[in-house]
Every structure is written in C-alpha cells, then in structure tokens.
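Reading through the structure tokens given below for one structure.
Counting begins at 1 with the first residue of the sequence. Being a predicted model, the structure only gives us computed values, none of them experimental.
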Amino acid sequence: MHTYSKAQEIITKVNSLTSIETELPFSYYSLPYCKPPDGIKKSAENLGELLMGDEIENSAYRFKMNVNETLYLCTTHPLTEHDVKLLKQRTRDLYQVNMILDNLPAMRYAYQNGVKIQWTGFPVGYTPPNSKDDYIINHLKFRVLIHEYEGSGVQIIGTGEEGPGVISEAEKKKASGFEIVGFEVYPCSVKYDPDTMKKKSMYQSIPAVNCPSELEKSQIIREQEKVSFTYEVEFVKSDIRWPSRWDAYLKMEGARVHWFSILNSLMVIFFLAGIVFVIFLRTVRRDLTRYEELDKESQAQMNEELSGWKLVVGDVFREPDSSKLLCVMVGDGVQITGMAVVTIIFAAFGFMSPASRGMLLTGMIILYLFLGIIAGYVAVRMWRTIKGTSEGWRSVSWFVACFFPGIVFLILTVLNFILWGSNSTGALPISLFFVLLSLWFCISVPLTLLGGFLGTRAEAIQYPVRTNQIPREIPARKYPSWLLVLGAGTLPFGTLFIELFFILSSIWLGRFYYVFGFLLIVLLLLVIVCAEVSVVLTYMHLCVEDWRWWWKAFFASGSVSLYVFLYSINYLVFDLQSLSGPVSAILYLGYSLIMATAIMLSTGTIGFLMSFYFVHYLFSSVKID
C-alpha cells in the first residue's frame with residue numbers, strides 16, 4: 001500500500017501496445033510519443049511478464065497528488081512517411097496504449113448500443129466510418145480516484161526517561177495522505193496550432209481543453225503534420241478502500257453461466273457414476289461370487305464357457321506397445337496435473353492477484369520445475385512394474401525431463417522467429433531463452449533423475465495374475481475400437497468447454513480472468529469424469545476380450561485435448577474474426593497446440609492411472625491356481 005502526500009509527484013508507466021486483432025505486442029516508444037525528460041527507464045520484470053511480452057517503462061505523464069491541472073507535454077517533429085505508415089497501421093489494427101498508475105491499469109468506459117462497456121487502455125487513434133483518414137489520440141483526460149487516509153489519532157511512540165511521547169498535530173498531518181484507488185482515462189483528438197504550442201515548455205499549464213466532435217478540429221495523421229500532446233488530470237475523492245480497488249477490473253460477469261457449467265458437469269458425473277456402480281456392484285461382484293463358489297473341476301468347465309473379461313486373465317498385464325513412451329507420458333502428465341492443481345488452489349485463495357503481473361505464469365513454471373521429482377518417480381516405478389526390472393531407468397528419467405519441455409521449446413522457438421521477424425516485444429530475448437534452459441537443466445533435470453532413482457528403490461507393483469507366454473487372439477470387431485476412444489473424449493470436454501471460453505477470452509481478448517474458485521471446481525469435476533470415462537471404457541474393452549487396454553485407457557480421457565484444439569480453432573474462426581494476418585493465426589494455433597498437448601498428457605494420465613488401479617483390483621479378486 002502506497003500513501004501519497006498532497007502535491008507529491010506521481011509518475012505513470014506504460015506497458016507494451018496490444019491489439020486483439022494481431023496479438024503482437026509492440027513497444028510504446030516505437031510510435032512518436034513524448035519521451036520523459038530524464039530518459040526512458042525500463043521497470044524490473046519477472047519471468048512471467050517477460051514471457052507475456054510485457055515491456056513496462058516510465059512515461060512523460062506526471063501528476064501531483066490531489067492537484068487538478070491541464071498541462072502541455074510536447075510537440076513532435078514533422079511526421080515522416082515511416083511515422084505516418086506506422087501510426088495508420090497501429091490505428092487500423094486497433095492497438096491500445098496500456099498505462100499504469102500505482103500498479104493500476106488505466107480504465108476506459110465506452111458505450112455500445114446503450115450498454116456501458118469497460119476496457120483497459122485507450123486506442124492509438126481512430127478511423128471515422130466511411131473515411132480514409134485516421135486521427136491520433138493526442139489529448140488525455142485522466143480521472144484519478146483517491147481515498148483520503150488519516151493518521152489514527154494520538155499514538156504513544158515510545159516511553160523514555162521523559163515519559164511517553166505522543167504524535168503532535170503537525171506529525172499527524174504527515175502521517176495522513178491519499179491512496180490511489182481508481183485510474184480512468186477519457187481520450188480524444190484535438191488539433192492545435194503547432195507554432196503556438198512549440199513555444200511552450202514541457203509541463204506548462206494551458207487553458208482547459210474541450211474535446212471536439214468535428215473532424216476538422218481533430219488531429220489528422222499525415223506527413224509533415226506536427227502533433228502536440230496535452231493532458232489534464234482530475235482527482236476525485238472516493239469511498240473505495242485500498243483492498244477493494246481491483247474490484248472494478250475483476251467484476252465477475254456471467255456467474256450464472258459458470259454455475260450452469262458446473263451443474264452440467266455434475267449431471268455427466270452422476271450418469272457415469274451410475275454406470276460404474278452397475279459395473280462394480282452388479283456385474284463384477286455377481287461374476288466373482290459365482291466364480292468363487294465353484295470347485296476346481298467346475299471352474300475348468302466354466303472357463304470353457306466363459307466370455308468377457310475373465311478370459312483375458314492371462315493377457316491383461318501383457319507389456320503394451322511403446323511401453324517406454326507410455327511411462328514417459330504418464331510421468332509428464334503427473335507433473336502437469338500437479339502444477340495445475342497447486343496453481344489453481346493458490347490462485348483460488350487469492351495468492352496470485354492480477355496486481356502482481358506475471359506471478360501466475362512465474363508460479364506455474366517454478367512449480368513445474370520442482371515437480372520433476374514426482375514425474376521421474378512415477379515414470380520409473382511404472383517402468384519397473386511393466387518390465388519387472390530397473391534396467392534402463394536413466395533413459396526413462398531423461399525422456400521424462402525432455403519430452404514435454406522439448407515440445408514446448410520447439411513450438412516457442414518457431415513462434416519466436418515469427419515474432420522477431422515482426423519486431424514485436426512478444427519475442428523472447430536470447431538471454432531469456434538461456435535463463436529458461438538453465439532453469440530446466442539445473443533444477444528440473446536433476447530433480448527428475450533423483451525422482452527416477454527413488455522410483456528404483458520403491459517397491460514394484462506386483463501383478464495379481466501371471467501372464468501367459470503366448471498372446472491370446474483378439475476377436476474381430478464390427479467397428480474399430482479407436483472410434484469409441486475418440487468418442488469418450490466428448491464427456492470430459494462437456495465439463496470443460498464453458499470455462500474454456502472464459503479462459504480463451506481472458507488470454508486473447510485482454511480480459512481479466514479471476515474466477516479461480518469456479519475453475520477449481522471445474523478441475524475437480526474434470527478429474528472425476530476422466531477417471532470414470534476411462535474405467536468404463538477399459539471395462540468395455542475387456543468384456544469383448546480386448547486385452548490391449550493400456551493406450552486405450554490413456555487416450556479415452558486424453559482425447560479431450562483433440563476437442564479442446566478443435567474448439568480453439570472454432571473460437572479463432574467465430575470469436576476472433578477480427579484477428580488479422582497469417583502471423584497472428586500461426587501464433588494463436590501454436591499456443592493452442594501447447595495447451596492441447598498439456599491437457600492430453602494431464603487428462604490421459606488421470607484416466608490411465610485410474611484404469612490401472614481398476615484392472616489391478618478386478619483381477620486381484622479372481623482366484624487363479
């Protein structure tokens with residue numbers, strides 16, 4: 001909490017220029033704006049801010065606490081052809097200037113069809129309807145909401161030999177001050193006489209400015225024009241307290257839709273739970289009871305007549321194809337799931353406030369790095385269970401450490417070359433690439449290898465039945481089993497897609513997403529649905545004597561990622577219609593592919609581990625000589 005005294009100087013900051021049309025951030029000073037008299041200084045940024053393409057710098061706009069004034073800033077040199085081209089391009093692409101005051105983003109209110117809409121930032125310029133001309137925003141009206149804070153009366157500040165000391169009235173005034181609780185901006189375009197304005201000095205007071213409605217009185221963007229920048233600031237006392245100042249940005253819209261999403265998920269869960277209940281209590285229990293009541297001779301006779309899961313007892317734990325890849329994907333899935341759960345729990349309890357820019361992404365990366373120990377442990381233990389030996393555990397651990405980070409690194413490198421080609425601030429500097437590689441190599445890799453070593457020391461999971469030497473023939477099917485596996489992904493997607501819309505809107509439309517309580521509930525429901533879907537599908541495959549259940553259990557729930565990716569494409573086509581150019585579309589699809597891969601590994605792992613537990617439990621109940 002920062003308390004300012006009367007007339008104390010406050011400096012505003014600027015972030016990268018952003019657009020929902022291109023998704024390519026650019027530096028504020030790439031356009032001919034006024035520069036601060038003491039030079040441009042970058043603010044220290046955390047890992048998350050750098051990855052998101054934020055570039056926070058000081059600006060020329062300066063306020064004095066609780067002093068209303070209208071000031072002249074600067075007049076540019078005559079605009080060159082390059083300046084005009086750049087300004088027109090940024091205006092047509094709907095680029096927004098993002099200003100920050102005391103860590104609060106500038107809020108702008110606009111009316112569309114009689115509805116009040118709030119945005120963060122203000123446009124670079126605007127193009128009137130049916131006009132080829134563009135106009136630059138060069139006058140800003142700032143409205144700063146302040147809460148007056150008073151010293152808390154007489155306070156004892158110490159007891160010495162001279163008795164207790166108290167705060168005097170003069171000192172009490174020093175203790176009181178103002179907190180900034182809101183920051184609003186009202187932009188407009190005003191044409192000034194450049195020769196008159198040039199004679200003024202920076203921060204010189206000027207008469208109040210009225211925003212013109214006529215285009216002739218607005219500042220056009222064309223060659224040789226000199227643009228003068230001015231601003232006025234008004235301080236308004238408010239009852240909003242410091243802890244509530246972010247409420248205006250985080251107003252939760254569509255709460256009813258979130259609840260509908262949760263109720264919809266609960267219905268799917270109860271439906272699947274009913275099926276699982278029937279499988280366990282009626283079918284499995286009845287079959288096991290009959291099986292155990294017979295003597296050995298009758299069992300042998302019954303085995304010839306049996307059909308279904310009891311016939312694959314000698315093959316159900318046969319090693320799957322590409323068993324190393326399965327272990328690696330399960331290990332990475334555990335790591336991603338752990339990271340998602342812990343991050344969302346922390347965010348739901350308010351530890352990752354949007355006031356701390358980039359904290360969410362930074363927290364996720366740090367958690368992912370340290371959860372490598374669990375990934376290595378799970379993957380190597382699964383490898384020991386399948387192979388019956390610890391041999392080759394080092395290569396499994398290495399693959400776990402490199403598989404998902406390798407996919408992300410490959411996609412990010414391709415996207416980075418595209419961003420570099422566009423001169424965007426979204427491009428990661430080479431130094432950041434080395435920082436990320438160092439973090440991965442120095443933290444994640446050693447912890448994954450340590451986890452793998454602990455996995456070799458842990459007790460291997462014993463199979464309850466022996467595997468036959470000769471594999472059993474799988475009966476022919478009327479339809480391919482992968483159709484059922486792909487179809488199963490629609491159920492987890494049904495619990496997820498409404499929340500996915502809000503998340504995509506927050507990422508690509510610049511909105512704040514802060515309903516982590518709902519997200520936590522949806523995540524828990526998703527885990528339950530993935531587990532149930534996989535168990536039901538595994539049982540169905542075993543019932544038709546298909547003992548190759550390992551990969552099918554993984555992709556039964558993991559196939560939700562296919563629908564997530566298809567939904568992302570649908571969102572691009574129908575909700576991001578304004579997204580312009582192939583570069584923006586490639587960026588969007590690249591990031592969507594990373595998200596879909598993470599969801600596949602996470603949901604697939606949940607389904608597989610639950611199915612493994614189910615199969616192990618089912619066949620440990622069968623008595624085999």
Side-chain angles (χ1 to χ4, degrees), residues 313 315-342 345 366-406 440-467 527 530-531 534-535 538 547-554 557-558 598 600-622 624:
V313 72
D315 297 274
V316 74
F317 291 110
R318 190 175 299 284
E319 185 183 334
D321 298 330
S322 309
S323 54
K324 182 186 274 189
L325 181 62
L326 179 65
C327 294
V328 167
M329 288 170 80
V330 168
D332 275 335
V334 168
Q335 193 173 1
I336 293 164
T337 307
M339 174 196 74
V341 171
V342 175
I345 287 172
I366 291 167
L367 275 170
Y368 182 84
L369 293 172
F370 282 97
L371 286 170
I373 190 165
I374 297 172
Y377 175 83
V378 171
V380 169
R381 195 159 183 218
M382 185 56 66
W383 172 253
R384 277 189 71 203
T385 301
I386 292 171
K387 288 286 185 183
T389 172
S390 299
E391 200 175 327
W393 71 269
R394 286 183 187 86
S395 70
V396 172
S397 300
W398 267 105
F399 272 112
V400 170
C402 299
F403 183 72
F404 181 67
W440 168 75
F441 193 75
C442 298
I443 298 175
S444 189
V445 172
L447 284 175
T448 309
L449 288 167
L450 174 63
F453 175 74
L454 295 173
T456 61
R457 292 286 177 269
E459 191 180 341
I461 301 163
Q462 299 298 321
Y463 291 146
V465 291
R466 285 196 301 272
T467 302
V527 168
C530 287
S534 252
V535 165
T538 302
W547 44 266
R548 290 176 305 189
W549 59 273
W550 303 76
W551 280 107
K552 286 163 187 167
F554 187 92
S557 52
M600 178 198 72
L601 291 169
S602 176
T603 53
T605 297
I606 292 162
F608 171 78
L609 291 176
M610 197 65 210
S611 290
F612 183 84
Y613 176 77
F614 166 72
V615 172
H616 192 279
Y617 171 80
L618 185 62
F619 285 92
S620 62
S621 308
V622 179
I624 299 291

Q. How long is the gap from CG on D332 to CD1 on I336, to the nearest 0.5 Å?
A. 5.5 Å

Q: Can you see which heavy atom on V400 is nearest to which on G376, and at what distance?
A: CG1-N, 4.3 Å

**Q.** side-chain contact (heavy atoms from CB on, under 4.5 Å) assessment of R548 paired with R318
**A.** CA-CA 8 Å; R548 290 176 305 189; R318 190 175 299 284; over 6 Å; no

Q.
Angle between ring planes, F317 versus F612, binned at 30° and 60°: parallel, tilted or perpendicular?
A. perpendicular

Q: Applying ring-ring contact (aromatic ring centres under 6.0 Å, His included), name anything that partners F453, two or more places apart in sequence or on another chain.
A: none

Q) How long is the span from the SG atom in C327 to the CH2 atom in W393, to the nearest 0.5 Å? A) 14.5 Å

Q. Below 4.5 Å, heavy atoms only, C-beta onward: do L325 and F399 meet side chain to side chain?
A. no

Q. What is the distance from atom CD1 of I373 to atom OG of S397, rounded to the nearest 0.5 Å?
A. 11.0 Å

Q. Considering only heavy atoms from C-beta outward, does the side chain of V330 approach that of V378 to under 4.5 Å?
A. yes

**Q.** Heavy-atom pair with the smallest gap, counting every atom of I386 and S323
**A.** CG2-CB, 4.0 Å

**Q.** Under the side-chain contact (heavy atoms from CB on, under 4.5 Å) test, residues paired with A340 that sit two or more places apart
**A.** none

Q. Sub-3.5 Å donor-acceptor pair from the side chain of W551 to the main-chain atoms of D321, do we have one?
A. yes

(Q) Before you tell me yes or no, could you show the steps for V380 and S390 under side-chain contact (heavy atoms from CB on, under 4.5 Å), namely the whole-Å CA-CA distance, both residues' side-chain angles and the distance that decides it to 0.1 Å? (A) CA-CA 8 Å; V380 169; S390 299; 6.0 Å; no

Q: For residues Y377 and A458, report the shortest heavy-atom separation together with the two atoms involved.
A: OH-CB, 3.4 Å

Q. Can you list the residues that meet the side-chain hydrogen bond (donor to acceptor under 3.5 Å, both in side chains) rule with S395, with sequence neighbours excluded?
A. K324

Q. Roughly how far, to the nearest 0.5 Å, is OG1 of T385 from CD of Q462?
A. 8.0 Å

Q: Evaluate the side-chain contact (heavy atoms from CB on, under 4.5 Å) criterion for residues W398 and L449: first the C-alpha distance (whole Å), next the side-chain angles of each, then the deciding distance (0.1 Å), finally the verdict.
A: CA-CA 7 Å; W398 267 105; L449 288 167; 3.9 Å; yes

Q) By side-chain hydrogen bond (donor to acceptor under 3.5 Å, both in side chains), which residues pair with T538, not counting sequence neighbours? A) S611

Q.
Run the side-chain contact (heavy atoms from CB on, under 4.5 Å) test against L371 and tell me which residues pass, sequence neighbours left out.
A. Q335, M339, I374

Q: List the steps, then state whether side-chain contact (heavy atoms from CB on, under 4.5 Å) holds for F608 with S534.
A: CA-CA 7 Å; F608 171 78; S534 252; over 6 Å; no

Q | Exercise: identify the closest heavy-atom pair between T605 and F554 | A | N-CE1, 3.7 Å

Q: Would you please say whether a donor-acceptor pair under 3.5 Å links the side chains of S602 and T337?
A: yes

Q.
Going by the rule side-chain contact (heavy atoms from CB on, under 4.5 Å), which residues pair with T603 if we only count those two or more places apart in sequence or in a different chain?
A. L526, C530, V560, I599

Q: State which residues pass side-chain contact (heavy atoms from CB on, under 4.5 Å) with I443; sequence neighbours excluded, sorted by chain then number.
A: L369, F370, L439, L447

Q: Compare every heavy atom of G392 with every heavy atom of W383, then report the nearest pair and how far apart it is.
A: NE1-C, 3.9 Å

Q: Sorted by first residue and then second, give each salt bridge (charged side-chain N to carboxylate O under 4.0 Å, His left out) pair with at least one member in residues 378-403; sequence neighbours left out.
A: E319-K387

